[in-house]
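Heads up: the structure comes next, in structure tokens.
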Amino acid sequence: MIEMRGIDKSFSGVHVLKKVDFTLKKGEVHALMGENGAGKSTLMKILSGIHMRDEGTITVAGREVVYKHPKQAEKDGIAVIHQELNILPELTIAENLFLGNEKTVKNLGWMKTKEMNRMAAEQLEQLGLNVKPTTLAKHLSVGKQQIIEIAKSLMTNAKVIVMDEPTAALTDREIDTLFTTIRKLKEQGVSLIYISHRMEEIFSICDRITVLRDGESIGTKVIKETDFDEIVSMMVGRQLGERFPIRKSKIGNVKLAVEGLTRKDEFKDVSLEVKAGEILGISGLMGAGRSELVETIFGYRNEDQGKILIDGKPLKLKNPQDAIEQGIAFVSEDRKSKGLVIDFSIRDNLNMSNLTTLSNKGWMVHGNELSLYKEMVSRLSIRSSGSEQKAKSLSGGNQQKVVIGKWLGMRPKVLILDEPTRGVDVGAKKEIYSIMNDLADQGVAIIMVSSELPEIIGMSTRVAVMCEGKLMTTLDKHEFSEERIMHFATGGDKHVRK
Amino acid sequence: MFGNKRLTSLLGMLGPFIGLLLIVTIITILNPSFLTIDNLLNVLRQVSINALIAFGMTFVILTGGIDLSVGSTLAFSGAVTATMMASGIDPLIAILSGLIIGTLLGAFNGFIIAKGKVAPFIATLATMTIYRGLTLMFTDGRPVSGLGESTLFEMMGKGYFFGIPVPAMTTMVTFLILYLLLKKTTFGRRVYAVGGNEEAAILSGISATRIKIYVYSLTGFLAALAGIILTSRLNSAQPTAGQMYELDAIAAVVLGGTSLTGGKGWIVGTIIGALIIGVLNNGLNLLGVSSFFQQVVKGSVILLAVLLDRKKA
Ligand SMILES: Nc1ncnc2c1ncn2[C@@H]1O[C@H](COP(=O)(O)OP(=O)(O)OP(=O)(O)O)[C@@H](O)[C@H]1O
Ligand SMILES: [Mg+2]
């Protein structure tokens, strides 16, 4: 179907892709893996005409092509679902789906809204998404928006679909639907390129895998003939060992507790506590109110009822400054809209939450800024061309590390992480886990919201499971299992009793 | 590899400066008397009012906002100072009162925008009208004159200091302070952060509310300063002073390369932008271009500058 040979690409002197070869067969699901910044997204952007290659050839269905614009690739049946969502929040779902390909009366520009809505509804149903096509996109969760993106590429009758980390923001149930769709597409002869950092997914739906490392293609394998360890060592160039490093921290006193915390329509009567040296996992499906809960603890939202206690003392946290003053740090989900200023340099992003400590009587001290940058680059192995590189030109995983780095600088007592490893490669994931462990060892109390069950199970001391705004249960380490957590996350006994 | 990037960004920053040089060259070729010391000092004095307002506007625009009420604030503060002076109150107190009033009017803008969550364009469109109305009520719609004799006050608009017009000196000193404020202090970082991504800034513990109130207050203060300088220069306060000044200020900021969407820009660009507008005004007058056609030229230069800026990005 597609043959890319000797693809070479540099961005203002930085060599990002080095003679990369990549082939895609008809009807296969081809995984593309590699560490953050390995060049996966860039390779796909070259395939789809967003970036121009410096060297190399691309043949699509036997014909050599040079795309200068994504529209041209789209004409040849190549659709890309990018890592960064391209949803227009003020438009309806149907309008988003047909954006640029609107159905009009005799092509005169008068839109056939009804027909578009009907077709959109069909598409949504196929993907198992239970929303009206006239809903405004901004009312959808990130996960649902992602599904809209997928639906959008399906509408164009693509022959090749590239999915760049499509599941990063999806819940397990949504992922199941996506996989069903992928298998259906495969039967119809559609080829897929699938980028993900989640190994389980690669093994369950991909046929072949190509690994990139530092912009070079390391090799292509048939999935059935390879295993987890081989892929990881291809990716990182060494053995990685245990996926979840062991932690031996001493559990201390209760650092943070919430009692009967309630916010209308978001979560109700939540009580939990986290001790020094402990990692409390919060699990649940998308929309269970987990992010809302932790944002409330951080003072970004204000509770309607209930108490937040730190070291046993009830505190009123009106805004994030109050929380930070109490030593609470918060790594938000959705780094692009809530975590980073994408036009800022890495240095400025790291500074943002540490301005007071980095300055002297209000004056910025450049040396302090640079030492924070250096510390974080080495602690988190952030890959960049220097402190002044703009956050927007970093790979997704390195962006995430910058967001985490912002908070390590303040030496928090309580660290809240919302989906800390979303879009982060295996090696870096392990680094993040090690950092969490180190912090726990130093007596930091950690709350981790995560949609990845292996991560929840591998890292947590205890797990709180939420469903539809209610805290269903808190499980201890010996009670963990995927089944048990999912049982509570989907409503628990409530549904059984019915 | 890195030098390359530095170079492009340097060229980007030099853009407005090259534009200014180009305009100065063309005007000088057409009329050499432009490049005399006397005339240049004249330009500096004329530029200072717009530059002061545009400095404030830069901060506001960096936070992603806009302030249309600066002209009215200028008029109101000028009128307050003039009225107090005309009734024999100590000039220093009169000047300080004008400055405080301007700051308060600005703070009110900031309050509505940050706390009331009203879009800056709408909020300041409303206060532009309100402040103008207040000025007209306060002065009964008549110019305030008979300000008495005060060296301090006369110096502000008409004086010279080592041969340089005092307004130009005031502008330079203000520029230096604001440059440092923006570039070297935590406040400056916060201004950029709020404009770059407000939500991320708030989640990083930055009070966007407070920053916005400060920024609009600063703009009010600078508009008042400009108003007092103008009053001193004219030796009277006109209730209709400062109309459309907001547009020249916004133009100066945009010519200087600051992005209207916030988070990107710098104050050095603004001073060059203000100079471009000032040089155009002065030069076109010298060349005897009709005032109607002057507007066409000024507008076209702004368009051209913005189009060139687009190309670069
Ligand atoms: N527009 C750009 N300008 C400069 N450098 C860029 C640009 N886009 C990407 N890069 C650099 O190219 C490298 C590869 O980035 P790319 O986004 O392809 O990585 P990736 O493999 O998709 O990583 P991730 O898994 O984190 O998404 C990174 O080092 C990144 O900083
Ligand atoms: Mg990527």
Side-chain angles (χ1 to χ4, degrees), chain A residues 10-15 295 298-300 318-325 328-345 347-366 369 385-391 393 403 406-407 410 418, chain B residues 1-13 61-64 114-115 176-214 257-266 312-313:
Chain A
S10 301
F11 285 112
S12 46
V14 185
H15 208 168
E295 286 180 2
F298 189 60
Y300 185 60
K318 285 197 300 294
N319 50 39
Q321 290 109 275
D322 290 351
I324 292 169
E325 217 155 272
I328 306 179
F330 177 56
V331 175
S332 55
E333 71 171 342
D334 193 0
R335 56 184 165 257
K336 211 172 143 196
S337 76
K338 289 182 179 173
L340 293 169
V341 182
I342 53 167
D343 282 319
F344 268 19
S345 64
R347 175 178 53 84
D348 274 331
N349 269 298
L350 288 172
N351 287 343
M352 264 222 288
S353 46
N354 301 298
L355 287 172
T356 316
T357 44
L358 293 175
S359 59
N360 181 9
K361 302 195 179 76
W363 293 89
M364 294 304 301
V365 180
H366 195 64
E369 295 182 49
S385 60
S387 64
E388 301 312 304
Q389 186 177 358
K390 294 261 159 70
S393 68
V403 179
K406 266 170 66 171
W407 293 107
M410 71 171 261
D418 196 355
Chain B
M1 60 182 214
F2 205 37
N4 213 340
K5 237 186 233 164
R6 282 262 165 82
L7 196 70
T8 28
S9 85
L10 194 69
L11 276 180
M13 298 207 277
I61 288 178
L62 279 176
T63 63
K115 288 265 185 197
L176 278 179
I177 294 172
L178 295 179
Y179 173 82
L180 292 176
L181 190 64
L182 208 46
K183 185 106 189 169
K184 299 279 175 196
T185 69
T186 54
F187 174 72
R189 289 305 159 83
R190 291 182 173 127
V191 168
Y192 280 104
V194 168
N197 183 346
E198 187 168 339
E199 222 174 327
I202 295 172
L203 280 167
S204 303
I206 294 171
S207 168
T209 315
R210 206 177 301 161
I211 295 296
K212 285 185 191 171
I213 293 177
Y214 287 164
T258 296
S259 148
L260 279 177
T261 50
K264 267 189 285 189
W266 61 329
K312 199 180 62 202

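Just so it is clear: chains get the letters A, B, ... in the order the sequence lines come, proteins before strands, and each one is counted from 1. Note: hydrogens, waters and symmetry copies are ignored here, and every other heavy atom, side chains too, is used.
Considering only heavy atoms from C-beta on, B:Thr186 comes within 4.5 Å of A:Met364 through its side chain. Side-chain contact check for A:Pro320 versus B:Ile202: some heavy-atom pair is nearer than 4.5 Å.
Atoms CG and CG, on A:Asp418 and B:Leu203 in that order, are 10.5 Å from each other to the nearest 0.5 Å. Atom-to-atom distance recorded for B:Arg210:CZ and A:Gln321:CD is 6.0 Å, nearest 0.5 angstrom. How far CG of A:Leu355 is from CZ of B:Arg190: 5.0 Å, rounded to the nearest 0.5 Å.
Looking at B:Lys264, the atoms closer than 4.5 Å to chain A (heavy atoms on both sides) all sit in the side chain, from C-beta outward. Neither the backbone nor the side chain of A:Asn349 comes within contact range of chain B; no heavy atoms are under 4.5 Å apart. For a residue to count as touching a neighbouring chain, one of its non-hydrogen atoms must lie under 4.5 Å from one of that chain's; by this rule B:Leu180 touches chain A with backbone and side chain alike. Of the atoms belonging to A:Thr356, heavy atoms from both backbone and side chain fall under 4.5 Å from chain B.
When all heavy atoms are compared, the tightest approach of B:Ser204 to A:Lys406 is OG-NZ, 2.8 Å. The minimum heavy-atom distance between B:Glu199 and A:Tyr300, with the atom names listed, is CG-OH, 2.7 Å.
Checking side-chain atoms of B:Asn197 against main-chain N and O of A:Ser337 turns up a donor-acceptor pair under 3.5 Å.
In terms of heavy-atom pairs under 4.5 angstrom with chain B, the leader among A:Phe330, A:Phe298, A:Phe344 is A:Phe344. Between chain B and the residues A:Asn319, A:Asn360, A:Leu340, A:Asn354, the most heavy-atom pairs under 4.5 angstrom are made by A:Leu340. If you tally non-hydrogen atom pairs under 4.5 Å between each of A:Gly339, A:Ser353, A:Ser359, A:Ser332 and chain B, the highest count goes to A:Ser353.
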